[in-house]
Amino acid sequence: MENGYRVAVVGATGQVGTLMLALLRERGLPIEELVPFASERSVGRELDSGLVVRGLSDESIQGFDVALFSAGGSTSGEWAPKFAATGAIVIDNSSRWRMQDDVPLVVSEVNPQALQAHHGIIANPNCSTMQMVVALKPLHEDAGIERLVISTYQAVSGTGKRAVDELLDQSHALLHEQDIPSPSAYAHQIAFNALPHAGSFAPGDDHTDEERKLINETRKILEDPDIRISATCVRVPVVHGHSEAVNVQTRRELSPERARELLAAAPGVSVLDDPDAALYPLAINAAGNDGVFVGRIRRDPGHERALDMWIVADNLRKGAATNAVQIAELLHERGLLHTQSAPSAA
Ligand SMILES: NC(=O)c1ccc[n+]([C@@H]2O[C@H](COP(=O)([O-])OP(=O)(O)OC[C@H]3O[C@@H](n4cnc5c(N)ncnc54)[C@H](OP(=O)(O)O)[C@@H]3O)[C@@H](O)[C@H]2O)c1
C-alpha cells in the first residue's frame with residue numbers, strides 16, 4: 001500500500017454514516033480516497049466535508065478496498081455482496097448478515113480473532129449488544145456467564161433521525177400546550193413516556209426483534225450458545241446514549257470488587273462507580289464518547305453468584321460508527337486489508 005486505501009461509505013448522509021466519515025478522517029487509517037454513497041435522493045449533494053454523494057451502480061462501486069455500510073438491511077442485502085464481489089471488504093451496520101454462519105460478527109475489543117475467517121462481509125453488531133458485550137467479556141473470561149437478565153433504556157437516535165425529530169416535536173408541543181402530532185416512528189407517544197417496544201414484533205413472536213438480536217448476537221460474539229438470556233428492550237425519551245440494567249449470573253464466584261477490577265482493566269471500558277458521590281454512568285455524559293461506561297456494580301441480594309450493573313454508551317458511536325471504523329483499522333493492522341489496482345469510478 002503506497003498512499004492509502006480507497007474507502008466507500010454507503011449511507012453517508014445518515015446519522016451513523018456521517019459519524020463514520022468523520023471518524024475515518026480523524027483517526028489513523030491511511031486513506032487515499034473516501035467516497036460517500038447514499039440513495040438517489042442525495043446524489044450530487046455536497047457534504048460539509050466537500051465530498052459529493054454518489055449513487056450506487058455496478059460501475060460506481062468498482063475499485064474500493066473497504067466499504068462501510070449503514071444504509072439499512074435491504075441496501076446491504078443487495079449491495080454488500082456486489083461490493084464484496086469487486087474485491088472490497090464490507091463492514092456492515094445492518095442486521096442483514098449478522099447471524100449468517102460465514103459472516104463474522106465482530107466487536108473490536110471482544111472477538112477480533114473472528115475477522116480472520118471473513119469471506120468479504122463482516123457484520124457490526126446491534127448497538128445494545130455491542131456496548132453490553134464490551135463490558136461482559138472480561139467477566140465471562142474470569143467467571144463464566146451462565147445467565148443474563150437485561151433491561152434496556154434505548155435512545156431514539158437508535159431508530160433513525162425521524163425518531164429524534166418526533167421526540168423533539170412532541171416535547172415542544174407538550175411544553176407549549178399544543179396538540180401533539182400523531183406518532184409515526186413509534187406506536188405511541190415517546191415524549192415523557194417509556195415504551196416497552198424497542199424494535200418490532202414479528203407475527204407470533206412475543207419478543208421484539210431488538211430483544212432477539214440482543215439474545216442471539218450476544219451468544220455468537222461471546223462464542224457461548226449456552227448462556228441463558230432474558231431481555232426487555234425499552235425505548236425512552238433520550239436522544240443519544242443507550243443505558244442497560246444487566247443482571248449477570250456467573251458459573252463461578254465473582255465479587256463486585258473483582259468485577260470492578262476486571263472492568264477497570266478492560267479495553268474500551270471506564271468504571272464510574274461511587275454511589276455516595278452520585279457517580280454512575282449517564283446517557284448525557286456518554287453521548288459524544290467512544291467508550292463504554294459501567295457503574296452501580298453490586299451483589300444481587302437474590303442470588304449468591306449474580307451481580308447487577310448499569311452499562312451506558314453512545315449508540316451511534318461505540319454502538320455503530322466507532323466499532324465499524326475500529327474493524328477497518330484492525331483489518332489494516334492485521335494485514336487483512338489490501339489495495340486494489342483499479343481506480344474507483346467517478
Ligand atoms: N442508529 C443507531 O443507533 C444504529 C446503531 C447500529 C446500527 N444502525 C444501523 O445503521 C443503519 C443506518 O442507521 P442511521 O440511524 O444512520 O439511519 P439514517 O440516519 O436514517 O440514515 C440512513 C442512510 O441510508 C441511506 N439510504 C437509504 N436508502 C438507501 C438506498 N436505497 N441506497 C443507498 N443508500 C440508502 C440514506 O440516504 P439518503 O439520505 O439519501 O436517504 C442515509 O444515508 C441502519 O441499518 C441501522 O440499523 C444504527
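Numbering of ligands and ligand atoms starts at 1, following listing order. Fair warning: this is a prediction, and the values are worked out from it, not measured in the lab.
A side-chain donor from one of Asn93 and Asn124 sits under 3.5 Å from a side-chain acceptor of the other. In the model, Asn315 has no side-chain atom that pairs as donor or acceptor with a side-chain atom of Gln154 under 3.5 Å.
For ligand 1, the protein residues within 4.0 angstrom (heavy atoms only) are Gly11, Ala12, Thr13, Gly14, Gln15, Val16, Ala38, Ser39, Arg41, Ser42, Leu56, Ser70, Ala71, Gly72, Thr75, Asn93, Ser94, Cys127, Ser157, Gly158, Gly160, Asn315, Leu316, Gly319, Ala320.
Using a 4.5 Å cut-off between side-chain heavy atoms of Ile, Leu, Val, Met, Phe, Trp and Tyr, Leu175 falls into a hydrophobic cluster with Leu174, Ile180, Phe192. Members clustered with Ile190: Val156, Val164, Leu167, Leu168, Tyr186, Leu195, Val239, by chain and number, using a 4.5 Å side-chain heavy-atom cutoff among hydrophobic residues.
At a threshold of 4.5 Å between non-hydrogen side-chain atoms, the residues Thr129 and Arg98 do not count as touching.
Contacts of His188 classified as ring-ring contact (aromatic ring centres under 6.0 Å, His included), with partners at least two apart in sequence or in another chain: none.
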